[in-house]
Every structure is written in C-alpha cells, then in structure tokens.
Amino acid sequence: MITIKGLSKIFHTKDQDVRAVDDLSLEINKGEIYGVIGYSGAGKSTFIRLLNRLEDPTEGSIWVDDQNLTSMNKGKLRLARQEIGMIFQHFNLLWSRTVHDNIAFPLEIAGVPRAERQKRVNDLIELVGLKGRGGSYPSQLSGGQKQRVGIARALANNPKVLLCDEATSALDPETTDSILDLLVDINEKLGLTIVLITHEMHVIRKICHQVAVMEQGKIVEQGEVLDVFLHPQRQVTKKFVDQVMGDPEKETSMQVIKNNYEAGEIIRLHFVGESTNQALISEISRKFTVDVNILHGKITQTQKGAYGTMYVQFEGEQDEINRAIHYIQSTSVEVEVDPDA
Amino acid sequence: MLNQWFPNVSMEDMVTATNETLYMTLISVAGTFIIGLFLGLLLFLSGPGGLWQNKILNMITASVVNVFRAIPFIILILLLFPFTDFLVGTIRGPNAALPALIIGGAPFYARLVEIALKEVDKGVVEAAKSMGSKYSTIVFKVLLPESMPALISGITVTAIALIGYTAVAGAIGAGGLGDFAYFYGFQRSNWDVVFMCTILIIIIVFVFQFIGDLVTRKLDKR
C-alpha cells in the first residue's frame with residue numbers, strides 16, 4: 001500500500017545540516033494501523049509530513065498504491081492529496097466555518113456538487129458521533145469533539161490513507177481513548193490504512209498492528225506490536241514499553257517475594273497475545289490439586305490479545321505442581337520456574 | 001437655539017458639506033479596501049514563508065507601500081495634481097480628492113491587511129494544503145475568511161484616518177466639512193461654523209467606529 005525507499009530529509013540551518021529523516025525504508029500494508037513512536041526531535045513529525053509532501057523529501061521515494069508521490073508535479077500531487085486524509089494535534093479547523101462547513105471544505109476543494117456534499121457531510125457527522133452539532137462553531141466544541149470534526153473532514157473524500165499527526169496528544173486520557181476507539185472503528189469499517197505518529201506507547205498498544213520506533217531520523221526497531229512489546233531490543237524501545245507496563249525490575253523485588261513465600265514454587269507466567277488462555281489460573285486450580293497464589297502482575301490488552309507478566313505461587317504436592325507446570329508449557333503461555341529476575 | 005449659539009451656521013450649507021464628506025469617505029474607503037487588500041495580499045504571499053514567496057516582488061511592493069505612506073498627505077495631494085487633472089478633469093471638488101485619498105489610504109491599509117493575514121493559524125493553511133487545495137482556494141476560502149474580523153477592524157481604523165484626510169483635502173478646495181470649516185469658518189472668523197463642523201465630523205467618526213465594531217463582533221466566531 002505504502003512503500004518508502006531511502007527517504008531522507010535534510011534541513012539546512014545556519015550552523016549545521018540536520019538530518020531529520022535519515023535513509024528510511026518502510027512497507028505499510030493495506031488496512032493496517034501503523035504506529036511510529038519516538039521522542040520529540042526523533043524526526044517522526046517530519047516523517048509523516050513527508051508522506052503527503054507537506055515537506056518535500058531531499059532523497060528517496062514514496063509510493064502510495066503504485067503511484068510515485070515523489071515524482072508528481074503540483075497538479076497531480078493535489079489530486080493525490082485528496083486521497084490521503086490527515087488529522088492534526090491542534091485540529092486545525094477553520095473557526096470561521098461551522099462543523100458542517102468545515103467537513104464540507106475538502107469536498108468543495110474536490111469539486112463535489114452541492115447536493116452530494118450535503119448528503120456526504122451528514123453521513124460523516126453521523127459516523128463520528130456528532131449528530132446535531134452540525135451548526136456549531138469549533139469554538140463551541142470540546143477538544144475531543146474538535147478532533148472528531150477533524151476526522152470527519154479527513155474522511156470526506158474517501159481517502160485510502162489516513163495520516164494522524166499526534167492526533168491525541170492534546171487530549172485528556174479519557175478523550176484519547178474515545179478518539180482511538182473511533183479510529184479503530186473507521187479502520188475496520190472502511191478498511192482504511194492508518195499511519196500515526198505519537199510519543200505515547202499507550203496509543204500504540206491500544207490500536208496499532210505494527211509499530212516502528214524512531215530515533216535520530218532512523219527507524220531503530222519495527223515489527224508487530226506484540227513482538228516489540230515482548231522482545232524490545234533497544235534501550236529506547238524498552239523505555240517506551242515501560243511507559244505502559246511499568247519497569248518490572250523496579251516494581252517487583254523478587255527478594256521480597258521469595259522471603260514472604262518460602263513454600264511451594266514461584267512461577268512467572270508470560271502472556272503473549274493470548275485470547276484463548278485467559279482463564280488459565282482457574283483452569284489450573286480446577287484440574288490440579290494445587291493452590292494458586294497471585295503475587296504480582298500486570299496484563300494489558302493489545303490489538304492482538306492480552307500481553308503481560310504475572311508472578312504466581314503454586315502450593316501443594318511437588319508431583320502435582322510439576323504436572324501443572326507441564327500443562328502450562330503445553331499452552332502458548334510462557335512459563336519460568338523460580339525466576340531470578 | 002441653533003440660531004442663538006450658531007448664528008452663522010446655515011442648515012443647508014451644513015447638509016451639503018456633510019454629504020460631500022460622506023461621499024468622499026465612502027468612495028475612498030471602498031477604493032482603499034480593494035487596492036489595500038490587493039497590496040496586502042501581495043505583501044503577505046510574496047513575503048518570507050508565503051505561498052508565492054518571491055524576494056523581488058516583495059521588495060517592490062514593500063517599497064511602493066513605504067514610499068506612499070511616508071509622503072505627508074497634504075504634499076501627496078499637491079504631487080498628484082497632474083494625475084488628478086488627467087483622471088478627473090479637474091483639481092477641485094470632492095471627486096478631485098478621491099485619487100489622493102485612495103493612494104494615501106491604500107498603503108496604510110495594506111500594512112494592516114498584512115498583519116491580519118500573518119495572524120491566521122499556519123496549521124489551518126497546512127490542513128488546506130493537505131486536502132489538495134489550490135493556492136487561490138487557500139486565499140479565498142481560508143486566508144480571507146479567517147482574517148475577516150481583523151480586516152474589518154483594520155478598514156474601520158483606515159476609514160477614520162480617511163475622514164481626517166478629507167478635512168485636510170478641504171484646505172485645497174475639495175469641499176466637505178473641512179473645506180467649509182476653513183473657508184467659511186476660520187477665514188471669516190465664524191468660529192461657530194468651525195465648532196459645528198467639528199461636532200459633525202466627530203459624529204461621523206463615532207458612527208463609523210460603531211458600525212465597524214458591530215460587524216467585527218458579528219463575524220468573530222472564535
């Protein structure tokens with residue numbers, strides 16, 4: 001769907017050249033929600049602005065749906081942009097237009113006739129859950145509602161791709177979640193490819209299928225969200241994962257747990273994208289004569305199922321405990337006996 | 001009472017003078033609005049970071065605007081005599097004042113337009129670009145509507161300056177309240193005429209300011 005090859009953007013400043021995006025190559029599949037995460041200054045903002053050529057690349061090429069965006073002239077680029085929606089951190093609505101007229105704006109640009117515009121706008125207002133607010137001005141809306149208008153506006157011309165430039169960074173956590181739900185909803189309903197950039201791992205965890213971690217203009221790690229959560233390679237990635245999961249080494253002192261629970265076995269269960277084994281604990285206590293004591297843990301939900309780690313203590317006959325452990329090993333839950341971590 | 005306090009004021013002359021002042025003001029405000037808007041857009045669009053960034057065009061526009069703003073109005077009228085004569089066929093009366101009023105007012109308004117356009121949120125322009133809009137669409141559907149309150153309050157300020165200019169133009173025989181105050185009031189020592197003209201000009205200024213504020217408030221949905 002989107003193929004990026006050797007993309008670079010160099011900004012020339014007075015004292016030095018800044019490589020905001022540095023020889024970046026990437027493949028984004030149709031219907032995917034692709035998240036790019038990085039700290040500010042990592043170049044992710046420049047990256048997403050390169051995707052619709054709000055910034056012209058210094059080198060490299062961008063293909064969207066077999067169209068080479070980078071070689072297009074201005075006229076063709078304008079038409080191509082109508083198929084790439086974009087939403088912004090600060091919404092960027094026209095304050096002089098009502099909700100209805102803001103959403104109609106891209107349709108006016110595309111030359112859609114008035115009657116058709118009317119119908120399309122009403123459908124979109126309904127889709128983003130703003131029914132009855134069509135006549136309001138942006139200043140009369142909350143942040144979340146403004147972003148809904150932004151989303152409706154971006155979807156007006158039935159784009160193939162939606163670019164989200166820190167779309168939830170100016171919103172409170174609850175509103176963030178409702179906007180993210182809306183994005184997932186749109187992704188599923190319309191089969192829309194979504195590329196988003198963020199500095200919040202929460203956003204990646206909640207809605208993304210694929211993630212790329214950006215640092216100093218380069219992608220240092222990328223893959224399925226769950227894999228990256230599970231085996232973060234780079235320090236920067238670990239930090240992002242800790243944003244959501246907490247740093248296990250800081251949060252659990254294994255020594256304290258061991259001192260308090262001397263009997264039985266201490267076991268670490270690692271849930272990796274589970275959806276079938278979520279009742280594992282109750283299953284074990286039903287099947288085997290062991291007592292299961294939950295010591296510590298954190299499980300979170302991603303697009304591909306549950307992810308997280310849990311420390312439990314098994315008490316009972318050693319044979320029975322071994323059989324229980326054996327059973328867990330036969331499932332997809334990873335298990336580690338007497339972890340030292 | 002009017003006769004007692006203003007013995008030399010003739011109602012008929014006052015109405016004529018007021019009409020002339022209003023005529024000069026309204027026509028010159030309209031002309032200033034159109035030419036000033038054009039010059040202001042040119043300044044903004046050709047300026048650094050503008051949509052049609054162009055150093056040379058920007059420098060030429062800025063020079064023209066600065067030169068005409070620098071010339072004192074009374075001298076501008078004198079300099080424009082040949083041009084006015086060619087254009088209007090006379091150098092006396094309200095019509096003869098119009099070229100000087102517009103050429104004096106437009107550069108002033110152009111700067112106010114430029115400031116108003118600079119205040120438009122760059123993110124909104126960027127959003128319009130991301131939707132694939134043409135530059136002309138950005139100008140007419142984003143920049144102008146989004147800066148409309150500032151454009152209106154700017155033309156209000158300019159209109160009031162122009163009312164003052166019409167009075168100055170009166171000193172060289174353009175007609176209107178300034179002319180009347182000078183020739184029938186000051187030169188004949190009819191001070192009551194001078195006062196009456198002052199009162200009428202103040203009322204006109206107040207009315208313009210009131211209308212300008214009202215429209216600005218109505219347009220501003222921020």
Side-chain angles (χ1 to χ4, degrees), chain A residues 45 48-49 51-56 72 74-99 101-112 135-141 149-150 153-157 159 161-166 170, chain B residues 33 37 40-41 44-46 48-55 112-113 115-156 212-222:
Chain A
S45 241
I48 200 149
R49 291 159 52 82
L51 289 186
N52 58 359
R53 275 184 59 191
L54 281 178
E55 244 15 292
D56 273 318
M72 278 179 187
K74 289 213 162 158
K76 272 199 168 170
L77 178 64
R78 273 202 298 271
L79 291 178
R81 277 177 176 168
Q82 290 172 12
E83 302 196 323
I84 305 174
M86 188 169 196
I87 58 175
F88 304 88
Q89 180 174 4
H90 298 296
F91 324 123
N92 295 354
L93 304 176
L94 291 124
W95 62 255
S96 57
R97 285 177 172 236
T98 59
V99 167
D101 292 351
N102 260 293
I103 300 171
F105 186 41
L107 297 167
E108 289 170 27
I109 291 170
V112 176
S136 305
Y137 283 92
S139 61
Q140 297 164 318
L141 303 177
V149 179
R153 184 176 71 171
L155 295 177
N157 282 323
V161 181
L162 179 66
L163 307 176
C164 309
D165 184 357
E166 297 270 10
Chain B
F33 184 74
L37 201 60
L41 272 169
F44 176 75
L45 295 174
S46 66
L51 292 177
W52 292 314
Q53 194 168 342
N54 184 323
K55 261 196 185 138
L112 297 181
V113 169
I115 293 168
L117 293 172
K118 276 184 180 164
E119 292 296 309
V120 174
D121 184 0
K122 288 194 178 56
V124 179
V125 175
E126 192 149 86
K129 276 190 202 168
S130 81
M131 292 172 217
S133 59
K134 286 187 217 141
Y135 286 172
S136 58
T137 311
I138 294 179
V139 170
F140 290 108
K141 293 202 166 182
V142 178
L143 288 174
L144 292 182
E146 292 281 296
S147 61
M148 202 44 90
L151 293 178
I152 297 298
S153 61
I155 198 64
T156 309
D213 288 347
L214 196 75
V215 175
T216 305
R217 245 198 331 267
K218 267 265 186 288
L219 285 174
D220 202 341
K221 308 287 186 192
R222 276 173 289 197

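These numbers were taken from a predicted model, which means no experiment stands behind them. Side-chain atoms are counted along with the backbone in the values below, which use heavy atoms only and exclude waters and symmetry mates. Residue numbers start from 1 in every chain, and the chains themselves are labelled A, B, ... in the order their sequence lines are given, proteins ahead of strands.
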Between A:S139 and B:R222, what is the shortest heavy-atom contact and its length?
CB-C, 3.6 Å
Which residues share a side chain to side chain contact (heavy atoms under 4.5 Å, CB included) with A:S96, sequence neighbours left out:
A:L94, B:P145, B:E146
Residue B:T137 versus chain A: region with a heavy atom under 4.5 Å:
side chain
Residues in residues 85-92 of chain A that sit under 4.5 Å from chain B, counting heavy atoms only
A:M86, A:F88, A:N92
Roughly how far, to the nearest 0.5 Å, is the NZ atom of B:K129 from the CG atom of A:L54?
7.0 Å
For A:Y137, ring-ring contact (aromatic ring centres under 6.0 Å, His included) partners two or more places apart
none
Sequence-distant partners of A:P138, side chain to side chain contact (heavy atoms under 4.5 Å, CB included), two or more places apart:
A:L93, A:N102
B:K221 and A:R97: CA distance, side-chain angles, deciding distance, side chain to side chain contact (heavy atoms under 4.5 Å, CB included) verdict
CA-CA 8 Å; B:K221 308 287 186 192; A:R97 285 177 172 236; over 6 Å; no
What is the distance from atom CD of A:Q82 to atom OG of B:S133, rounded to the nearest 0.5 Å?
9.0 Å
If I measure from the heavy atoms of chain A, does B:V120 come under 4.5 Å with its side chain, its backbone, both, or neither?
neither
Under 4.5 Å from a heavy atom of chain A, the part of B:K141 involved
both
Contact origin within A:R49 toward chain B - heavy atom pairs under 4.5 Å
side chain
Closest approach of B:L219 to A:W95 (non-hydrogen atoms, all atoms of both residues)
O-CZ3, 3.6 Å
How long is the gap from CD1 on A:I109 to OG on B:S130, to the nearest 0.5 Å?
8.5 Å
